[in-house]
There are 2 protein chains.
Amino acid sequence: MLSIGDLSRRTGVKVPTIRYYEQMGLVAAPERSEGNQRRYGRQELERLAFIRHARDLGFAVEDIRALIDLSGHPEQPCGHADKIAEEQLISVREKIAQLRRLETELERIASCCDGKTVGDCYVIRALSDHALCADEHG
Amino acid sequence: MLSIGDLSRRTGVKVPTIRYYEQMGLVAAPERSEGNQRRYGRQELERLAFIRHARDLGFAVEDIRALIDLSGHPEQPCGHADKIAEEQLISVREKIAQLRRLETELERIASCCDGKTVGDCYVIRALSDHALCADEHG
DNA sequence: TCTTGAAGCTCTAGTGACTAGAGCAATTAC
DNA sequence: GTAATTGCTCTAGTCACTAGAGCTTCAAGA
């Protein structure tokens with residue numbers, strides 16, 4: 001049996017986060033030692049690794065909850081799981097597109113500044129005046 | 001003089017957000033009407049537009065506070081403003097790189113799933129087993 | 001001038017996904 | 001046996017807002 005610290009080290013999920021997931025119902029409350037400390041087995045390790053992996057991929061906790069529910073019903077059609085992953089992909093692509101626009105704008109702002117004082121700093125001027133932006137953003 | 005609603009429409013910053021910025025000290029408390037309603041002038045309009053623009057570019061509120069402080073001292077060297085913008089650019093690029101890795105992984109996960117039930121759904125399996133990932137992520 | 005409906009006011013609490021800290025109890029290594 | 005580490009619960013804080021209750025003020029039309 002693993003202590004919460006062991007589980008943390010094995011999954012890379014921090015100890016308070018594991019307790020938080022338990023509180024949120026993402027992981028079941030585990031057995032306890034005589035002294036009331038959490039003791040985990042292989043199943044909990046696997047579930048937490050699943051959660052960690054999904055969080056790394058940017059899935060929201062609610063999505064993860066749905067995916068866990070689905071994984072408990074292996075006979076059901078998997079269209080729902082596909083849909084969640086698909087939507088996550090779309091959302092990631094949107095974020096990338098948005099960040100690329102910001103990158104372009106920030107590059108332009110930072111590279112144009114050749115002023116010596118704040119008074120003629122392009123960074124400050126660009127922020128004050130949206131019209132200086134080449135691009136639409138935000 | 002503009003009401004808070006006018007200011008909101010002109011800057012695209014929502015009314016409660018304007019009040020929140022005032023509370024946070026990002027914008028100064030404006031004049032009030034006889035009936036205690038906020039009344040804004042051109043200066044406040046410009047400052048809020050500045051804040052809006054910087055938030056759109058992903059600057060944290062603390063960064064914006066620093067940029068505003070700087071813009072009140074036009075005689076100072078602008079190296080600090082440049083540095084804030086530079087750091088923001090670096091952070092945006094890191095986020096893009098991370099999201100690209102996620103995109104690749106999600107594409108692979110979503111496209112590989114040709115199972116009909118959750119039991120052999122690649123989405124679920126990939127999340128359960130990090131070893132199925134081609135790439136390191138997170 | 002009166003009325004009505006939109007807009008404004010303050011205050012508290014909620015969001016998501018944790019993170020930090022206090023003050024204690026249990027476990028583990030030597 | 002003892003000291004260091006780890007664990008426990010509980011509350012509160014983070015960031016940048018957002019929502020709602022319950023009230024007041026304002027602007028436009030009759």
Side-chain angles (χ1 to χ4, degrees), chain A residues 1-27 29-40 44 47-48 50-68 84 87-88 91-92 95 98 102 138, chain B residues 1-27 29-40 44 47-48 50-68 84 87-88 91-92 95 98 102 138:
Chain A
M1 302 299 277
L2 302 169
S3 74
I4 197 168
D6 296 332
L7 189 64
S8 172
R9 272 181 292 279
R10 293 228 201 173
T11 58
V13 178
K14 288 181 193 157
V15 169
T17 305
I18 296 174
R19 287 197 278 248
Y20 166 77
Y21 286 159
E22 182 181 324
Q23 214 184 326
M24 294 298 101
L26 264 196
V27 297
E31 290 176 48
R32 297 285 180 133
S33 72
E34 291 209 354
N36 200 36
Q37 298 195 352
R38 290 168 179 81
R39 291 294 175 262
Y40 297 94
E44 284 103 333
R47 161 151 310 184
L48 196 60
F50 179 103
I51 293 169
R52 171 74 210 264
H53 194 179
R55 286 292 301 133
D56 281 349
L57 288 169
F59 287 92
V61 164
E62 279 318 299
D63 289 340
I64 297 174
R65 206 191 294 279
L67 289 169
I68 287 173
I84 291 170
E87 278 168 6
Q88 176 59 15
S91 140
V92 164
K95 281 183 196 144
Q98 168 69 2
L102 300 193
Chain B
M1 301 299 277
L2 303 169
S3 74
I4 197 167
D6 296 331
L7 189 64
S8 170
R9 273 181 293 280
R10 294 229 199 172
T11 58
V13 179
K14 287 181 193 157
V15 168
T17 305
I18 297 174
R19 288 197 277 248
Y20 165 77
Y21 286 160
E22 183 183 323
Q23 215 184 326
M24 295 297 101
L26 264 196
V27 298
E31 290 176 49
R32 297 285 181 132
S33 72
E34 291 209 353
N36 199 35
Q37 298 194 354
R38 291 168 178 82
R39 290 296 175 261
Y40 299 93
E44 284 103 333
R47 162 153 308 186
L48 196 59
F50 179 103
I51 294 168
R52 172 74 211 266
H53 194 179
R55 286 292 302 136
D56 280 349
L57 287 169
F59 287 91
V61 165
E62 279 317 300
D63 288 341
I64 297 174
R65 204 190 295 278
L67 289 169
I68 287 173
I84 291 170
E87 278 168 6
Q88 176 59 15
S91 139
V92 165
K95 281 183 197 144
Q98 168 69 2
L102 301 193

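These numbers come from a predicted model, not from an experiment. Below, chain A is the first sequence line, B the second, and so on; all start at residue 1.
The separation between B/I18 atom CD1 and D/dT18 atom C1' is 14 Å, rounded to whole Å. To the nearest angstrom, C1' of D/dT6 lies 14 Å from CG of A/L7. Spacing between atom CD of A/Q23 and atom P of C/dT19 amounts to 14 Å, rounded to whole angstrom units. Summarising the geometry, the separation between OH on A/Y20 and P on C/dG16 is reported as 8 Å, rounded to the nearest angstrom. Per the geometry, CG belonging to B/D6 stands 12 Å off C1' belonging to D/dA27, to the nearest Å. Taking atom CD of B/E31 as the reference point, atom C1' of C/dC9 lies 18 Å away to the nearest angstrom. In this structure, A/D56 atom CG and C/dA17 atom C1' are separated by 14 Å, rounded to whole Å. Spacing between atom CZ of A/R39 and atom C1' of C/dT28 amounts to 11 Å, rounded to whole angstrom units.
Checking D/dA16, D/dC8, C/dG8 against every side-chain atom of A/R32, the shortest atom distance belongs to D/dC8. The side chain of A/I4 has D/dC8 as its nearest neighbour among D/dC8, D/dT18, C/dC9. Comparing D/dA16, D/dT25, C/dC18 by their closest approach to the side chain of B/Q37 singles out D/dT25. Distance from the side chain of B/N36 is smallest for C/dC9 among the nucleotides C/dA17, D/dC8, C/dC9.
Ion pairing between a basic and an acidic side chain is recognised when a charged N comes within 4.0 Å of a carboxylate O; B/E62 and B/R65 show such pairing.
Across all strands shown, A/R9 has no heavy atoms under 4.0 Å from either base or sugar-phosphate atoms. Within the nucleic acid shown, B/R38 comes within 4.0 Å of sugar-phosphate atoms alone, with no base atom in reach, counting heavy atoms only.
Between A/V92 and A/L57 there is no side-chain heavy-atom pair separated by less than 4.5 Å.
For the pair B/V15 and B/G5, the tightest heavy-atom approach, listed with the atom from each and the gap, is CG2-CA, 4.1 Å. Closest approach of B/M1 to B/R39, counting heavy atoms only: CE-O, 3.8 Å. Scanning all heavy atoms of the two residues, the minimum distance from B/R19 to B/I4 falls at CG-CD1, 3.5 Å.
Applying the 4.0 Å criterion to OP1 and OP2 of C/dG8, one finds that B/S33 has every side-chain N and O outside that range. Within the structure, a side-chain polar atom (N or O) of A/T17 is placed less than 4.0 Å from OP1 or OP2 of C/dT19. In this structure, B/S3 does not reach the C/dA7 phosphate: none of its side-chain N or O atoms is under 4.0 Å from OP1 or OP2. In this structure, A/Y21 does not reach the C/dA17 phosphate: none of its side-chain N or O atoms is under 4.0 Å from OP1 or OP2. The side chain of B/R19 contributes no N or O atom lying less than 4.0 Å from OP1 or OP2 of C/dT10. Phosphate contact (OP1/OP2 of D/dC17, side-chain N/O of B/K14, threshold under 4.0 Å): absent. Regarding contacts with the backbone of D/dC17, a side-chain N or O of B/R55 is found under 4.0 angstrom from either OP1 or OP2.
Side-chain atoms of B/E44 never come within 3.5 Å of backbone atoms of B/P30 as a donor-acceptor pair (strictly under, hydrogens ignored).
Of the residues near DNA chain D, B/G35 and B/E62, the one whose nearest nucleotide (by heavy atom distance) lies more toward the 5' end is B/E62.
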